[in-house]
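What follows is a short report on a single structure.
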Amino acid sequence: MEPSREQRIWQVVAAIPPGQVVSYGQVAEMAGLGRQARFVGRTLGMLPEGHDLPWFRVIRSNGQIAFPLDSDAFRRQVERLTGEGVEVVNGKVSMARFRWQP
């Protein structure tokens, strides 16, 4: 049986190495979903509590974290990224420096 769209997204996100990031669009493309970046965001937003998928390594194509600056999700994502050595400045990550290119 072929993996579902969600499973393909999870496989791509699980493969992102520590200290690297990708955009929602990159995940969609790598999962064979074309330009379905929003679907990737919705899928990651529905992950169950307690999962271990590194969702925090997925950001906007311009390097910006998608959550509002004053939200708990934003703070969690920044904390996890910086814990892996990814520099976050004013809510943005340098895609030139930290983008995963398999």
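Heavy atoms only, all atoms of each residue included: A28 and A37 are closest at CB-N, 3.9 Å. A pairwise comparison of heavy atoms in A66 and Y24 identifies CB-OH, 3.8 Å as the closest pair. Contact detail for S23 and V58: the closest heavy-atom pair is C-CG1, 4.0 Å.
Counting heavy atoms from C-beta on, the side chains of V93 and L81 come closer than 4.5 Å. Counting heavy atoms from C-beta outward, Q26 and W100 have side chains that stay 4.5 Å or more apart. Side-chain contact between L33 and R8: present, with at least one pair of heavy atoms (C-beta onward) separated by less than 4.5 Å. Looking only at side-chain heavy atoms (C-beta outward), E6 and M46 stay at 4.5 Å or farther from each other. For the pair V13/P54, a side-chain contact is recorded, criterion being any heavy-atom separation below 4.5 Å from C-beta on.
Note that CG of N90 is 8.5 Å distant from CG of L69, once rounded to the nearest 0.5 Å. Note that CD1 of I16 is 8.0 Å distant from CG of L53, once rounded to the nearest 0.5 Å. Of the inter-residue distances, the one linking W55 atom CH2 with R80 atom CZ reads 6.0 Å to the nearest 0.5 angstrom. In this structure, CE on M95 lies 6.0 Å from CZ on R99, to the nearest 0.5 angstrom. Once rounded to the nearest 0.5 Å, the distance linking CG of L44 with CZ of R57 reads 12.5 Å. From I65, atom CD1 reaches atom CZ of R76 across 12.0 Å, with rounding to the nearest 0.5 Å.
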Run the side chain to side chain contact (heavy atoms under 4.5 Å, CB included) test on F98 and E87 for me, step by step, so that the C-alpha distance in whole Å, both residues' side-chain angles and the decisive distance to 0.1 Å come before the verdict.
CA-CA 8 Å; F98 295 104; E87 186 178 348; 4.0 Å; yes

Would Q36 and R5 count as a side chain to side chain contact (heavy atoms under 4.5 Å, CB included) if you check the C-alpha gap in whole Å, the side-chain angles of each, and the deciding distance to 0.1 Å?
CA-CA 10 Å; Q36 295 185 40; R5 295 185 315 161; 2.9 Å; yes

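No side-chain donor-acceptor contact under 3.5 Å links S71 to the backbone of F67. A donor-acceptor pair under 3.5 Å is formed between the side chain of Q77 and the backbone N or O of F56. Of the possible donor and acceptor atoms, one in the side chain of R75 sits under 3.5 Å from a partner among the backbone N and O of D70.
Within the structure, salt bridge (charged side-chain N to carboxylate O under 4.0 Å, His left out) contacts touching residues 21-35 (residues at least two apart or in different chains) do not occur.
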